There are 2 protein chains.
Amino acid sequence: MWTFDAPPLEYWRSTYNFSPDQQWLDHVRLSAVRIPGCSASFVSANGLVMTNHHCGRSCTASASPADTNYLDVGFAARNMSDEKHCEGMWADQLQSIQDVTDRVRRVQTATTSSAQVEQRNAEIGRIENECVQQTQLLCQVVTFYQGGMYSLYRYKHYTDIRLVMAPEGSIAFYGGDPDNFTYPRYDLDLTLLRVYENGQPLRPRDYLRWSAAGAAENELVFVVGNPGSTGRMLTMAQMEYLRDVDYPARLAQYDRLLRSYRARSASSPQAAREYENIIFSLENSKKAVTGYRVGLLDSSIMAKKQAFERDFRARVNADPKLRAQYGNAWTEIERAQRAIAAQARALQWQSFGGGSTLWNMAGGLVRIPLQIPLADSLRLPTYRGPALERIRQSELANTPLDTAFERMALAATFAAWKEALPPDDVLLRAALGYGNGDPEAAAARIIAQTSLADVAARRALLEGGTAAIARSTDPLIVLARQVEPVNRRLATRAAALEATISANAEKLGRAIYAAYGRSLPPDATFTLRISDGLVKGYAYNGTVAPYKTTFAGLYDRAASFDNKPPFELPKRWVDRKNRLDMTTPFDFVSTNDIIGGNSGSPVINRSAEVVGLIFDGNIESLPNRFIFTDEIARSVSVHSRSITEALRKMYDAEWIADELEGRVAAR
Amino acid sequence: MWTFDAPPLEYWRSTYNFSPDQQWLDHVRLSAVRIPGCSASFVSANGLVMTNHHCGRSCTASASPADTNYLDVGFAARNMSDEKHCEGMWADQLQSIQDVTDRVRRVQTATTSSAQVEQRNAEIGRIENECVQQTQLLCQVVTFYQGGMYSLYRYKHYTDIRLVMAPEGSIAFYGGDPDNFTYPRYDLDLTLLRVYENGQPLRPRDYLRWSAAGAAENELVFVVGNPGSTGRMLTMAQMEYLRDVDYPARLAQYDRLLRSYRARSASSPQAAREYENIIFSLENSKKAVTGYRVGLLDSSIMAKKQAFERDFRARVNADPKLRAQYGNAWTEIERAQRAIAAQARALQWQSFGGGSTLWNMAGGLVRIPLQIPLADSLRLPTYRGPALERIRQSELANTPLDTAFERMALAATFAAWKEALPPDDVLLRAALGYGNGDPEAAAARIIAQTSLADVAARRALLEGGTAAIARSTDPLIVLARQVEPVNRRLATRAAALEATISANAEKLGRAIYAAYGRSLPPDATFTLRISDGLVKGYAYNGTVAPYKTTFAGLYDRAASFDNKPPFELPKRWVDRKNRLDMTTPFDFVSTNDIIGGNSGSPVINRSAEVVGLIFDGNIESLPNRFIFTDEIARSVSVHSRSITEALRKMYDAEWIADELEGRVAAR
């Protein structure tokens, strides 16, 4: 995940015999754009932009007419004037990068670290403002190496974006949740947009040409996009905390929530529709966290991290100056992490989490009057700045509530308390007291008795302040009053410990930069990176996974599951099946280093031609969050040839395929 | 894996609501046949027999004309008179089963266990002889529960078997070694034979009808065949020995051999052909043993075995009589197993193994004159009975030798010695002395100097007896003289320990039968069993594997690998592709309990109709050797519909498909 101002030219030359010039790098950088949460690229002379189906969701949804949903049924403009305006979409094109580390560092003259943070933030604000004034561009100072380096990124910001083409959701996300994060794969995860400027299609100077052949086996390819975040600079202590404390707790919580949502989902078709997205999102998180944890449980991966940490510490300790500045950071982090771990279970249960909205609201109602009088810096982190007012507003909003779900979520929380807390725990006894010791009965009685579902009741409590809270006999408020002081004490302590970790992580970021220079690329920051790799199969399932799949495999998987969801085909793909060349490559895998945020990135060859479109990683790639390996970890892309084949044969969109392939002159 | 004289009728009724009558069971038993190393079944009124391609190899090879090999190019008889005689094939149809435990047990009156074994074997011989005289059938006394029970199995033995149809090897074994033991799968692993009697097609009273629909998802199906061997009665001590000592040593040896064979194979196309089979066989063993070991390393599987052993010991200990007879068997096995483990490494290196034929021959030459004078029972186990003469004959045979391979195998053995033995080991120093401490140089010099490749030299040594051996300066004989006494001591001790384990295992077999009766089916014995299961997909690769594959998947896999071997399609399957209905089910998985020997077993539905043909298990099923689980372990079958579809569309064999489907009257 190399930044464009420090490409590993010597490494590419010696590994691949590939030596791009500055023009190649500039061309590739300017052909890429960043869109909300995703990556994308210019792929035609007339401003066509390629990204994933799931990256264009909001645009596609907003472009749909009232009686239809393009996300489900797909859309292909008949011509340019048929392209649909859409909302909430923008595209940022990276114009230039400037190292501003010295300038940021220079102002940090204060003696306390919190004052230093303020000085740093103020200077970053100044740099960004100056930049906007001077260039009219979007300007952002990016923090690399956890504070080891600061760079000013300047973007051209486009806002008139229109929908050109999106396939049916069921082919874009074929295989649904089961196939998510896996390979072999059969997804056309594509949206085509067009950038307009002054009401006319943009004619970008730089755009990626389309490769005639597409990705070939063992070919060198590059992914250009915006990886969101990685944890590759985490210390062993931090990773062990995730492995042993944080991830297990999260996974248990996902399971509790999934049980409740699934029970609700099974109750009626309407409930099924209502909870479909949240269930999918939880499944997705569960699969991802499970995969991350697999990496942390893998002794060979942990041994590699350990070896790196040893080498890093040795380098720091070998230099007296580095040692004095950074030498104790690992120990500080470890100590804080251990203290967080020691109270993690208590904090998890003595809280307003667990999934019940009413319980969460009760927490807010009890807390707001206590937090308001405090100076901002003395408030709980989640109540600082504008957050407090947002929480207050949400208490006054007319949020629709599913009583049955509330009951289940609260029962699940109580059941978890019962399992985790000693029988004589005051909170536990108070809660279960409502149900003669039975979590379900207690939750049912509390939800039946509480008036918090009524916005007027919440408003009355809010306006009544601490006195109203103290007087309330609402069972949720009564319980929340018990939890609040315990939670506040634990959360305050956790916040202080997190701040210690953060300050020492910043030290390590500087140390890593001092010890290794830019030979180690910084953790992902949702800014533009370029990653090299090879198109290549891998060992899986006792056999080998091919480097690509074909359309035939899509029809095999559909028929193998007797066309049951999520393996059913869109009608168009059934009706027009015989038009397709079944041997057309559909998806493919490569060893490029990607992570969330890279979705929609173009995959290009040495000639900077599009050979594919990144949309996922295989299940084996999830541990790459912590350390990159390419033995069996793979990124998964839509093959460029399946895009043009589908446009021509399935979507009657010859004109778009022609435009991608450069067969028509730019207008 | 239930025997036909103790089907679990109550279990089937309560689990599946299925209650077959005795007629159903008899019909199914008589429709099944056992062929060399495999299973098969009658599938038409005219004696058509269905089995796997790999089970019919010798038949198909022997039926091929001089200029062609049906194993590669396939064969389909144009009509009945076109069917090809073949050699080495027979088919045994199980007529009846009789419990003879009492009779065998009654004669075992001696006080020593070796005398008891002789009494037992003599009685078994008498029972078999009497049976043959009375019935003219093939009679075999089968030992169940390691001696807990003895049954007389009577078979009708057919020997005139002809080849009707076999597809190309590359479609029968599509995906080759990589896809072996895996699923999803795309194999037409089929041979069709016909049994003749008195020169006419047999008209069997019992044969399996063909299902019109074939296997459906979640359908109850039965596998009827002859599982070869399982290790489900092994004690924890025995399994730990396999896991920690035996399997790791075997896997290391496979790797050493594979390196040598692969190096030779790469040297010329002729060598590649020559070593193809042995490399495949080693790969196959390596994959299987790796899979078995995965099971033994799986803590949940081991926990289940442990729980069973605890329960079993508790039952034995709870009964004073059982306790007196069998109570100490576990401890005896554990003690002997530990003693074997303690000397296993020494025995492995101080031996004539390692893959070099010349080194193995040297061992024979040195040993034969020492073993000949001994009474049979005092000889090493591998030299007892007719084995000694076989070894002597092989020394005198004109075995072709690949000098380059001999050098590599010996160098690999020396390198392993160097890694395993202390630097001052006498044998190691003697061997490496030929090459200044370098294994490769030592092997090269020894192979260059030895005259053992010459059969005359070997004959001279054999005829010269101990004196000639003592005088020899041949470097392999010199080394073998050093190894022999050490090896003899270790091997003798190992044989005594193995006998202890075997005697105590027999005790446990009787104990298990006494404690659990026939509710636990006995370990596999390559005799007829029936196994129930469901047609069902499973969790794999982060997603789900479908219960079936389709022809479309075959074409996907071929195109995905750009038609490279072992994923290339036979020409016929390329040329005639468009004739096929691509959605035809090709292979499928079910939860039936099978193991090697079950190859070629029919899969039948409740109506005893053929819905598939067993040919493999998935990689997750390998640990089933030690304990049966059906969460993700699956058996893999050819779907009956792909057989008729292929016969009609690919092989111009409508008449065979019609016969299978019962569309023609029996002649």
Side-chain angles (χ1 to χ4, degrees), chain A residues 175-186 216-218 287-288 290-291 294 537 539-564 566-567 574 577-578 581-589 616-622 632 639, chain B residues 175-186 216-218 287-288 290-291 294 537 539-564 566-567 574 577-578 581-589 616-622 632 639:
Chain A
D177 179 51
D179 280 5
N180 192 23
F181 292 129
T182 75
Y183 180 84
R185 196 71 166 279
Y186 314 91
E217 191 167 19
N218 296 318
K287 206 165 182 177
T290 303
V294 163
Y540 105 118
N541 186 38
T543 177
V544 279
Y547 75 96
K548 69 175 175 194
T549 61
T550 70
F551 281 136
L554 169 71
Y555 287 95
D556 172 55
R557 199 149 173 83
S560 290
F561 284 102
D562 298 326
N563 285 301
K564 280 184 218 145
F567 301 103
V574 175
K577 175 179 169 180
N578 289 331
D581 174 353
M582 285 292 163
T583 66
T584 307
F586 194 172
D587 293 340
F588 70 95
V589 277
D616 205 358
N618 65 356
I619 194 91
E620 294 87 345
S621 74
L622 288 170
I632 52 171
H639 197 281
Chain B
D177 177 50
D179 279 5
N180 192 23
F181 293 128
T182 74
Y183 180 83
R185 197 70 166 279
Y186 315 90
E217 190 166 19
N218 296 317
K287 206 165 181 176
T290 303
V294 163
Y540 105 118
N541 186 38
T543 177
V544 280
Y547 75 97
K548 68 176 176 192
T549 61
T550 71
F551 281 137
L554 168 72
Y555 287 94
D556 171 55
R557 200 149 171 84
S560 290
F561 284 102
D562 298 325
N563 286 301
K564 281 184 218 147
F567 302 102
V574 176
K577 174 180 170 179
N578 290 332
D581 174 354
M582 285 292 161
T583 65
T584 307
F586 194 172
D587 295 339
F588 71 94
V589 278
D616 204 358
N618 66 356
I619 194 90
E620 294 88 346
S621 74
L622 288 169
I632 53 171
H639 197 281

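Sequence lines set the chain letters: A, B, ... in the order given, protein chains first and strands last, and positions in each chain run from 1. Because the structure is predicted, anything quoted here is derived from the model rather than measured.
For chain B, the option among I619(A), T584(A), D177(A), L554(A) with the highest count of heavy-atom pairs below 4.5 Å is I619(A). In terms of heavy-atom pairs under 4.5 angstrom with chain A, the leader among Y540(B), F586(B), F551(B), Y555(B) is Y540(B).
Heavy-atom distances place no part of P585(A) under 4.5 Å from chain B, backbone and side chain included. Neither the backbone nor the side chain of F181(A) comes within contact range of chain B, judged by heavy atoms closer than 4.5 Å. When heavy atoms are compared at a cutoff of 4.5 Å, K548(B) approaches chain A by way of both its backbone and its side chain. For Y183(A), the part lying near chain B is the backbone, with the side chain staying farther off; criterion is any non-hydrogen pair under 4.5 Å. Within the 4.5 angstrom heavy-atom criterion, no atom of A539(A) approaches chain B.
Every residue meeting the side-chain contact (heavy atoms from CB on, under 4.5 Å) condition with Y547(A), not counting sequence neighbours, appears here in chain and number order: E217(A), V535(A), D562(B). Checked against side-chain contact (heavy atoms from CB on, under 4.5 Å), S560(A) has the following partners two or more places apart in sequence or in another chain: D556(A), P546(B), T550(B).
Taking the six-membered ring where the residue is Trp, H639(A) and F588(A) present perpendicular rings, their angle passing 60° and hence far from 30°.
Looking only at atom types and distance, the side chain of T543(A) has no donor-acceptor partner in the side chain of N541(A) under 3.5 Å away.
The distance from atom OG1 of T290(B) to atom CG of L622(B), rounded to the nearest 0.5 Å, is 9.0 Å.
Judged by distance alone, the side chain of D179(A) and the main-chain N or O of T182(A) form no donor-acceptor pair under 3.5 Å.
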